[in-house]
Every structure is written in structure tokens, then in C-alpha cells.
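Step one of this worksheet: look at the structure below.
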Amino acid sequence: MNISQSEFVYLKTELTAKIIQILVEENNYTVEDAMSKVYGSRTYELLSDPDSGLFFQSPRYVLSYITSEV
């Protein structure tokens with residue numbers, strides 16, 4: 001992929017914020033619980049790897065993986 005490190009960080013940050021927002025607004029999580037769910041997930045580890053390409057996906061697509069983790 002041909003994006004800079006700063007572009008990657010921006011995209012990952014925005015995607016993560018949107019996922020947390022969805023958990024809070026639609027799934028009745030507290031902000032703290034939503035952040036814990038996202039940042040503690042295996043999916044977030046993959047999202048943090050630019051080679052995964054996961055940061056190009058929609059928030060709901062990525063969230064579906066996070067919520068399906070055991």
C-alpha cells in the first residue's frame with residue numbers, strides 16, 4: 001500500500017473513534033467499556049498493522065469482527 005505513516009495513523013484513529021462511537025450510541029456501552037473492548041481486541045492488533053489493510057474497511061465491518069471475538 002502506498003500511504004504515509006501519518007495517513008495510516010489518521011485513518012486508524014478515525015476508524016477506531018467511529019467504532020467506539022457506534023458501541024456507545026447503539027450498543028449502550030459506556031465510553032470506558034467501549035474503549036476497553038476495542039483496544040483489547042485481537043482485531044485492533046490487526047488494525048494496527050498497516051499491511052493488514054483493515055484500516056481501509058468500514059467501521060461496521062471491523063466492528064463485526066470485534067464483537068464476534070470470544
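We use all heavy atoms of the structure for the numbers below, so side chains are in, but hydrogens, waters and symmetry mates are not.
- In the displayed structure, Phe8 atom CZ is contacted under 6.0 Å by more than 12 heavy atoms of other residues, nucleotides or ligands.
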Working for side chain to side chain contact (heavy atoms under 4.5 Å, CB included), residues Leu54 and Tyr61: CA-CA 9 Å; Leu54 200 54; Tyr61 178 80; 4.3 Å; yes
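- Residues that satisfy the side chain to side chain contact (heavy atoms under 4.5 Å, CB included) test with Ser64, not counting sequence neighbours, are absent from this structure.
- For Tyr39, the side-chain hydrogen bond (donor to acceptor under 3.5 Å, both in side chains) criterion is met by no residue, not counting sequence neighbours.
- Atom CG of residue Leu11 and atom CZ of residue Phe56 lie 6.5 Å apart, to the nearest 0.5 angstrom.
- The closest side-chain heavy-atom distance from Phe55 to Val62 is not below 4.5 Å.
- Looking at Ser41, its side chain never comes within 3.5 Å of a backbone N or O of Ile66 through a donor-acceptor pair.
- Listed by chain and number, the residues in a ring-ring contact (aromatic ring centres under 6.0 Å, His included) with Tyr10 amount to none (sequence neighbours excluded).
- Pairing each heavy atom of Thr13 with each of Val9, the nearest pair is OG1-O, 2.7 Å.
- Across every non-hydrogen atom of Ala34 and Leu23, the tightest pair is CB-CB, 3.8 Å.
- Take Ser4 and apply the side chain to side chain contact (heavy atoms under 4.5 Å, CB included) test, not counting sequence neighbours, and it matches Ser6, Glu7.
- Residues that satisfy the side chain to side chain contact (heavy atoms under 4.5 Å, CB included) test with Ser36, not counting sequence neighbours, are absent from this structure.
- Side-chain contact check for Ile3 versus Pro50: every heavy-atom pair is 4.5 Å or farther apart.
- Scanning for side-chain hydrogen bond (donor to acceptor under 3.5 Å, both in side chains) contacts around Thr43 gives Glu69, with sequence neighbours left out.
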Intermediate values then yes/no, side chain to side chain contact (heavy atoms under 4.5 Å, CB included), Val24 and Thr30: CA-CA 6 Å; Val24 170; Thr30 64; over 6 Å; no
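- For Gln57, there are no side-chain hydrogen bond (donor to acceptor under 3.5 Å, both in side chains) partners two or more places apart in sequence or in a different chain.
- Listed by first and then second residue, the salt bridge (Lys or Arg N to Asp or Glu O under 4.0 Å) pairs that reach into residues 18-46 are Glu26-Arg60, Arg42-Glu45, sequence neighbours excluded.
- Residues forming a ring-ring contact (aromatic ring centres under 6.0 Å, His included) with Tyr29 (at least two apart in sequence, or on another chain): none.
- Here the CG-OG1 distance, from Leu63 to Thr16, works out to 11.0 Å after rounding to the nearest 0.5 Å.
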